[in-house]
Amino acid sequence: MSVEQLTLQPVSRVDGTVNVPGSKSLSNRALLLAALAKGQTTLTNLLDSDDIRHMLDALKLLGVEYVLSESKTECTVTGLGGAFSSGAALELFLGNAGTAMRPLCAALAASDVTVELTGEPRMEERPIGDLVEALVDAGADITYLKNPGYPPLKITGGQLKGGQLSVDGSVSSQFLTALLMAAPLFSEDTTISIKGELVSKPYIDITLDTMAKFGVTVENNNYQTFVIKAGQPYIAPATFMVEGDASSASYFLAAGAIKGGTVKVTGIGKHSIQGDIRFADVLEAMGAKIAWFDDCVVVRGAPLKGVDMDMNHIPDAAMTIATTALFAEGETCIRNIYNWRVKETDRLYAMATELRKLGVEVEEGHDFIRVTPAASLKHAAIDTYNDHRIAMCFSLIALSDTAVTINDPACTAKTFPDYFSRFATICHR
Ligand SMILES: O=C(O)C1=C[C@@H](OP(=O)(O)O)[C@@H](O)[C@H](O)C1
Ligand SMILES: C=C(OP(=O)(O)O)C(=O)O
């Protein structure tokens, strides 16, 4: 871990407007589909962050041509009009980007390529076995280079048949997302059945919506089975505007709820396709005033009370509730979030450990976290475990009358490189 630290002094008032950068989930889906599509797609408001850079670097090595603007937020991709093909064996390093690793794994298994997919040490601990199993059933040739069930992987791709497939949905929705996006490359009609309880369901809506914008329709039978007819090519939509990132919006919305003032977040709005906009409903249930518009969400602070809620549908934004809870009256319980344990770090352990450093009482369950606010918070140096969201959600502690120190603040580069300077624009001392 880097020794760099950032200390945020107590903030007395929060007010202002923030435009959030483009959505990570949409940026990486749209880049992959633009690469597979027939024709040229210009993506606007693309996120410029580590996760997207890994996707862009991989596409370049796979021979996809694109022109990236100087700001790196506009990208014109010339699609391949079908699967990838590459003569030489390649190594694609994907950092810790789940939205690159899982979808590329499936698309490359169905392409004429020989590749190794590698990543950061934590990526080697993040499961991919359920996806690999489904792809192997579809005829794919994938081997584990280190531990069974985990990256790095060697993929010897080729035409896959599709047909009747099933995938476990209980660890990560990204496995289903990956299969869905690759299915139009299969030679036969494909039916995907879900085993177990499908987690993080709204991310499947993002996937289906993005596929539809690239001309592919999927029959969704109540999130239990999905049917993709063969012979549907991806067609470039000419332009694809990436919405602002709803998970990134959560920190600013929470700040307004805790300390507002009024905070307006632009780049997201009431029609956003991202499930994480439902984070604002949780703030509302806690007592904040929310106003929805086509192109922004406005929050006004009010006294907050704790909530006890299932947050499986918003796993990323739910982390922001764990620190917002410190400003509410009464305890807060965030439930059904087992898969926090297999993300950038074991987030249940990490959140519980770091909250306790502030003098807060926390119960870490197998799949829940219960937070009881303390009368006053202690100053602490928060370890961030190379997890952007831990760094960002603990910035909210500066809204108390205690300063907070964030270790390795640069870890926000995964999805939000300039987070701390944007946060500073709404904080007044
Ligand atoms: O498909 C996506 O874009 C994502 C799905 C979610 O992961 P899980 O499905 O693993 O919960 C989410 O946590 C991640 O940040 C992005
Ligand atoms: C879980 C996350 O990332 P990934 O896309 O790598 O799964 C996240 O951004 O919180």
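For this chain, numbers begin at 1 and follow the sequence in order. Order of listing sets the numbers, starting from 1, for every ligand and every atom in it.
In terms of polar-atom proximity, defined here as any N/O pair under 3.5 Å, Arg389 makes no such contact with ligand 1. Considering both main-chain and side-chain atoms, Ser173 comes within under 3.5 Å of ligand 1 through a nitrogen or oxygen pair. Taking distance alone, with nitrogen or oxygen atoms compared against 3.5 Å, Arg102 stays at or beyond that limit from ligand 2. Checked by distance only, ligand 2 and Asp51 stay at 3.5 Å or farther apart across all their nitrogen or oxygen atoms. For ligand 1, none of its N or O atoms has an N or O atom of Thr99 under 3.5 Å away. Where the criterion is an N or O separation shorter than 3.5 Å, residue side chain and backbone included, Tyr203 fails it with respect to ligand 1.
With atom 4 (P) of ligand 2 as the reference point, the heavy atom nearest to it among Lys343, Lys414, Met123 is part of Lys414.
At a heavy-atom cutoff of 4.0 Å, ligand 1 is contacted by both the backbone and the side chain of Ser25. Contacts with ligand 1 closer than 4.0 Å are made by side-chain heavy atoms of Asn339 only, the backbone lying farther away.
Proximity to Lys343 (heavy-atom distance under 4.0 Å) selects the following atoms of ligand 1: 6 (C), 7 (O), 8 (P), 10 (O), 11 (O), 12 (C), 13 (O). Remark: ligand 1 atoms within the under-4.0 Å shell around heavy atoms of Asp316 are 12 (C), 13 (O), 14 (C), 15 (O).
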- Dump the intermediate steps for side-chain hydrogen bond (donor to acceptor under 3.5 Å, both in side chains) on Tyr385 and Asn407, then the final yes or no. CA-CA 9 Å; Tyr385 306 74; Asn407 289 336; over 6 Å; no
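For the side chain to side chain contact (heavy atoms under 4.5 Å, CB included) criterion with Leu31, the lone passing option out of Thr99, Leu47, Leu59 is Leu59.
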